[in-house]
Every structure is written in structure tokens, then in C-alpha cells.
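So that the names make sense, note that chain A is the first sequence line, chain B the second, and so on, each numbered from 1. Only heavy atoms go into these numbers, but all of them, side chains included; no hydrogens, no water, no symmetry mates.
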Number of protein chains: 2
Amino acid sequence: MPRLVDAPSNIQVLRASNLLNSLSEEDLLNLAAASSMYHANRGEIVWMRGSDVSFFGIVGVGFVKMLRSTASGQDVTTEVMGPGQIFGLLGAIEGCSCPQTAQAVCNTWLLKIDKQRFLDIYRENVVLKERLLSRTTGRLRTSYDMFARMSTGHVSQRISTILLMLADSYGVDTGTSIDLEIPLTRQDIAEMAGTTVETTIRTLSNWQKRGLISTQHKRISIIDLGEIQNLQH
Amino acid sequence: MPRLVDAPSNIQVLRASNLLNSLSEEDLLNLAAASSMYHANRGEIVWMRGSDVSFFGIVGVGFVKMLRSTASGQDVTTEVMGPGQIFGLLGAIEGCSCPQTAQAVCNTWLLKIDKQRFLDIYRENVVLKERLLSRTTGRLRTSYDMFARMSTGHVSQRISTILLMLADSYGVDTGTSIDLEIPLTRQDIAEMAGTTVETTIRTLSNWQKRGLISTQHKRISIIDLGEIQNLQH
DNA sequence: TCGAGAATATGATTGCCATCATAGAATGAG
DNA sequence: CTCATTCTATGATGGCAATCATATTCTCGA
């Protein structure tokens with residue numbers, strides 16, 4: 001499979017992380033040396049839930065989704081990580097295996113960072129701890145928010161919530177529309193909204209006919225943001 | 001309204017918190033002096049979402065639920081806090097208002113702790129920061145887990161998940177059954193499961209007829225744990 | 001360029017669950 | 001003890017969405 005994009009450098013990816021870029025130059029170089037760039041093909045499982053890996057990851061180029069399998073076998077996506085975002089770090093610090101599965105949404109370059117080397121730096125760095133707490137608090141808040149929205153309401157409300165969340169994180173405002181940078185299939189969106197592919201397709205098709213969004217394969221653009229927001233009520 | 005239970009002492013409640021009990025005796029007494037015991041009647045709003053309060057709380061006796069109102073006006077309960085548990089702390093540290101509403105599930109004694117006094121202690125205490133991160137990480141994990149279970153599956157699966165979660169936190173194993181210590185109405189459970197009262201009543205009635213649970217007013221006992229767990233599949 | 005496979009699309013049908021309506025039971029405050 | 005109020009219970013009904021089935025379109029790699 002072709003690697004459409006060149007690999008970024010280790011240090012480049014580390015600097016792009018707004019959690020780690022507070023580290024000293026020395027620590028950054030140290031970490032860069034203890035890391036390895038890895039290319040994951042679309043759909044590739046970066047790691048499986050419960051497996052004990054010696055690294056955590058930062059997305060360099062591309063996107064990784066974190067998902068859980070429910071008892072009934074259905075996959076549910078909890079988060080989508082983009083460039084500069086870290087995944088699997090909390091498991092590394094707590095010393096337990098990551099409870100989620102990480103899967104590449106598209107062809108992705110990611111930096112695998114050695115847990116041990118990071119922990120050596122982490123243990124002595126109070127600022128890093130504070131930042132991490134702040135980041136974790138934010139995620140917790142978002143999670144509760146999504147939880148409240150997802151556990152109630154109709155499918156169209158849930159899907160609109162997902163679109164708006166994605167637009168918030170990975171949307172590019174072109175003036176006439178907000179384009180989502182992530183190549184997501186209807187299946188991907190269905191897994192986030194906790195519904196089926198068919199229903200997702202029907203919903204998005206309907207919105208497209210009404211001119212609220214436009215889609216070209218896996219690329220979605222929000223045209224009528226106000227109306228999408230209204231759908232949440 | 002009668003106060004069925006006597007108020008615990010400030011220091012007693014502080015010691016019951018497994019986050020704060022690592023503090024020095026001096027700090028604990030200091031905090032105790034900056035706190036005030038408060039009695040909330042059943043249904044009373046301890047604080048409203050978005051309001052800026054100068055304290056966070058620890059449950060002494062009773063239970064407090066954290067809830068959010070969705071755009072459609074429906075309330076969703078995200079967490080239930082029992083004796084020794086802290087709520088509103090993250091908002092205090094981040095310096096923003098708590099994004100959730102706190103409401104007493106039953107007549108409850110809670111300790112209101114002054115934010116500022118706590119922050120003075122917090123800032124200098126690395127161990128406390130680590131513990132808080134650990135606690136927050138755990139909550140995040142639980143939240144994602146609930147999210148995955150709640151955003152998919154049938155109502156009976158969702159309600160069984162809620163019962164099991166409650167049993168895990170507040171269940172007392174009597175040998176023949178697991179009794180939930182929290183007095184919850186069907187409405188309360190419905191708000192946690194993201195469904196309606198009627199459906200919750202039907203589901204629980206059905207389980208009671210089948211001998212899986214027994215209920216006496218607001219008290220629920222799980223009789224056939226295995227079968228309730230099976231319902232999740 | 002072409003073909004296999006993935007992704008999107010759409011119809012038909014079933015069934016779960018929200019909603020509305022109403023009634024009975026239990027609780028607790030005075 | 002009593003009554004208002006809250007809580008539980010249950011029926012009837014309609015609609016939304018899951019499921020199954022089947023095309024059609026689109027992508028990407030050979």
C-alpha cells in the first residue's frame with residue numbers, strides 16, 4: 001500500500017504535542033531517541049484492548065480512533081485522535097493495560113514512545129503532571145457531555161452531535177462550509193453515534209438532499225451549521 | 001423535615017475521603033475549620049450547573065447525583081456520589097464553574113469545603129496531585145465504559161448495566177442477595193439509563209416476576225446476579 | 001484501464017419503546 | 001390517623017429505527 005505522505009521526524013511529532021512540548025529540549029531529544037516512527041495502514045489495529053504494550057503513541061499524520069467492543073459484539077468509538085494527540089498514556093502511567101483498542105482511521109504515521117523512558121521523565125516533572133491532570137479533566141468533561149447527549153434522544157440528534165464535535169476538533173472553515181478533515185465512512189460515524197450503518201446513511205442522505213451538508217465519499221462538509229445545531233433540540 | 005440521621009463531624013467526613021485522608025493532620029484540621037456541614041433535603045439542588053460557587057463538597061451521609069440537562073430538556077444522571085466521595089473538585093481546581101448540577105437523592109449531610117483554602121494546600125502537595133490524577137483517570141475510564149454500553153443496546157441491557165454499576169459501588173452482599181443501599185426511584189434509574197419511567201417500571205417489574213430482583217419501594221435487591229449479568233449480552 | 005471489494009443507497013418488514021392515559025398503592029407530614 | 005402527594009403499575013397506540021435483502025456506485029490497486 002502506498003505511503004501517500006512522507007514520515008515526519010520524531011522530534012517534529014513530539015513538538016506538535018501540546019502536552020509534551022513543555023518539556024526541556026534535553027528531555028525532548030531523549031524521548032525522541034526512545035521513540036520510533038510507525039506507519040499504520042487504514043483499518044490496522046495499532047493495539048488491541050487489554051494487550052500489554054511497552055509504548056504509548058502520538059499521532060503524527062492521520063487519525064486513530066479509540067474503540068471498545070460491547071458485550072453484544074458491537075464496536076463503539078469513544079474518541080478520535082488527530083495529529084499531535086496522545087493515546088494510551090494514562091494506561092502507561094497507571095501501569096495497567098489500555099482498556100481500549102486503537103485503530104487507524106486512514107493511513108497514519110504515529111510515533112511509538114517507550115513507556116519506561118517517558119516515566120523516568122514524568123516522575124520528576126510536576127508541571128507535566130499538572131498539564132496531564134488538566135487534559136484528563138477536559139476529557140472527562142467532554143465524555144460526560146457526550147454521555148448525556150448519546151444516552152438520550154433520537155438518532156438524528158446523536159449524529160448531529162457527532163458531526164458538530166468532529167467539526168469542533170477537525171473542521172476547517174472555508175467560508176461557505178466547514179469541511180471535516182477526517183475521512184470517515186458511514187460505518188465509522190454509526191459506531192460513534194451508536195446506531196447502524198443504514199440509519200446513518202439514510203440520515204446523512206436526507207441532510208444532503210436538504211442542503212445541510214455535502215459529502216464526497218468520505219469527506220463531509222457542513223453547509224448549514226445553524227440548522228445542524230438546531231437538530232440537536 | 002426531620003433529620004433522620006445526626007450530622008457527622010467535619011473532620012470525620014474529611015477522613016472518610018480516600019482522596020483527602022492522605023493529608024497531614026495539620027492540613028486536615030485546617031480544612032475542617034474552613035468547612036461547614038450542610039443538610040440537603042431529598043431532591044434539593046446542592047448547586048446548579050454553571051453557577052459559580054465558592055466550595056466543593058464531600059458527601060457525609062446520604063447520596064448526591066450529578067446530572068446534566070440535555071437540549072431536549074431531559075435530565076441525564078452521570079454519576080451518583082456516596083459517603084466519602086467528592087464532587088465539584090475539578091471545577092474548583094480548573095477555576096471554572098462545575099458543568100453539572102448536583103442534587104440530593106435522599107436526605108443528605110454534606111460538607112462544604114472552601115475552594116480557596118483547599119487550593120492553598122493543593123498547590124504545594126504533589127502526592128495529592130498524583131492521587132487526583134489517578135482518581136480522575138479512573139473516572140474517565142468508567143465514563144468511557146458506560147458511554148460504550150449506553151450508546152448502544154436495548155433498554156434492558158442498559159438498565160442491567162446501571163444496576164450492576166450501582167451494586168458494584170453501593171451493593172451490600174447479604175449472602176442471598178445484593179442490596180443496593182441507595183434509595184432510588186424508577187425515575188432516578190430511568191435518568192441513568194436514558195429511558196422513560198414507564199419502560200423502567202415495566203422492565204424491573206418483569207425481572208421481579210422472574211425472581212431476578214426484589215424491590216421494596218426504593219430499595220432494590222439483586223437476587224440472581226448471574227442472570228442480570230447475562231442480560232448485558 | 002479494469003475488476004474486485006468496499007461503500008453507499010434504498011425498499012420492506014418487524015418490533016421495541018416512547019407517549020398518552022388512567023388507576024392503584026405507598027409514603028410521610030401534620 | 002388521615003389525606004395529599006409521590007411513586008408504581010398497566011393498557012393502548014403509533015412511530016422510529018433495527019434488521020434483512022438487494023442494488024448501485026465508487027475506489028483503489030494490479
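- Phosphate proximity of C/dT19 to B/T196: absent, as no side-chain N or O sits under 4.0 Å from OP1 or OP2.
- Nearest heavy atom pair, residue A/A32 against residue A/I11, reads CB-CD1, 4.2 Å.
- Of the residues in residues 180-187 of chain B, B/T185, B/R186 come within less than 4.0 Å of DNA chain D through at least one heavy atom, sorted by number.
- Between the P atom of D/dA9 and the CD atom of B/E198 lies a distance of 12 Å, rounded to the nearest Å.
- Regarding B/R42, its CZ atom lies at a distance of 14 Å from the C1' atom of C/dA29, rounded to whole Å.
- The heavy-atom pair separating A/G62 from A/C106 by the smallest distance is CA-SG, 4.0 Å.
- A distance of 2.5 Å separates OH in B/Y144 from CD in A/E79, rounded to the nearest 0.5 Å.
- Rounded to whole angstrom, the span from the CD atom of B/Q74 across to the C1' atom of C/dA18 amounts to 10 Å.
- Using a 4.0 Å cut-off between charged nitrogen and carboxylate oxygen, A/D145 and A/R149 count as a salt-bridge pair.
- Residues A/L184 and A/K65 have side chains not in contact (no heavy-atom distance under 4.5 Å, counting atoms from C-beta outward).
- For B/V76 against A/F147, the heavy-atom pair with the smallest separation is CG1-CE2, 4.1 Å.
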Please step through side-chain hydrogen bond (donor to acceptor under 3.5 Å, both in side chains) for the pair B/T185 and B/D188, ending with a clear verdict.
CA-CA 5 Å; B/T185 66; B/D188 289 327; 3.2 Å; yes

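- Atom CG of B/N107 is separated from atom C1' of C/dT27 by 13 Å (rounded to the nearest Å).
- Closest non-hydrogen pair, A/A193 versus A/I159, comes out as CB-CG1, 3.9 Å.
- Checked options A/T199, A/N206, A/T200; the residue passing with A/T203 is A/T199 (criterion: side-chain contact (heavy atoms from CB on, under 4.5 Å)).
- Nearer the 5' end of DNA chain D, as judged by each residue's closest nucleotide, is the contact made by B/T215, out of B/T215 and A/K218.
- Taking 4.0 angstrom as the limit, A/H154 places a side-chain polar atom (N or O) nearer than this to OP1 or OP2 of D/dA17.
- Within residues 199-211 of chain B, the residues approaching DNA chain C are B/T199, B/R202, by heavy-atom distance under 4.0 Å.
- Atom NE2 in B/H217 sits roughly 9 Å away from atom C1' in C/dG28 (whole-Å rounding).
- In this structure, the CD atom of A/Q157 is 12 Å from the C1' atom of D/dC16, given to the nearest Å.
- Atoms CZ (B/R219) and P (C/dA26) sit 17 Å apart, rounded to a whole Å.
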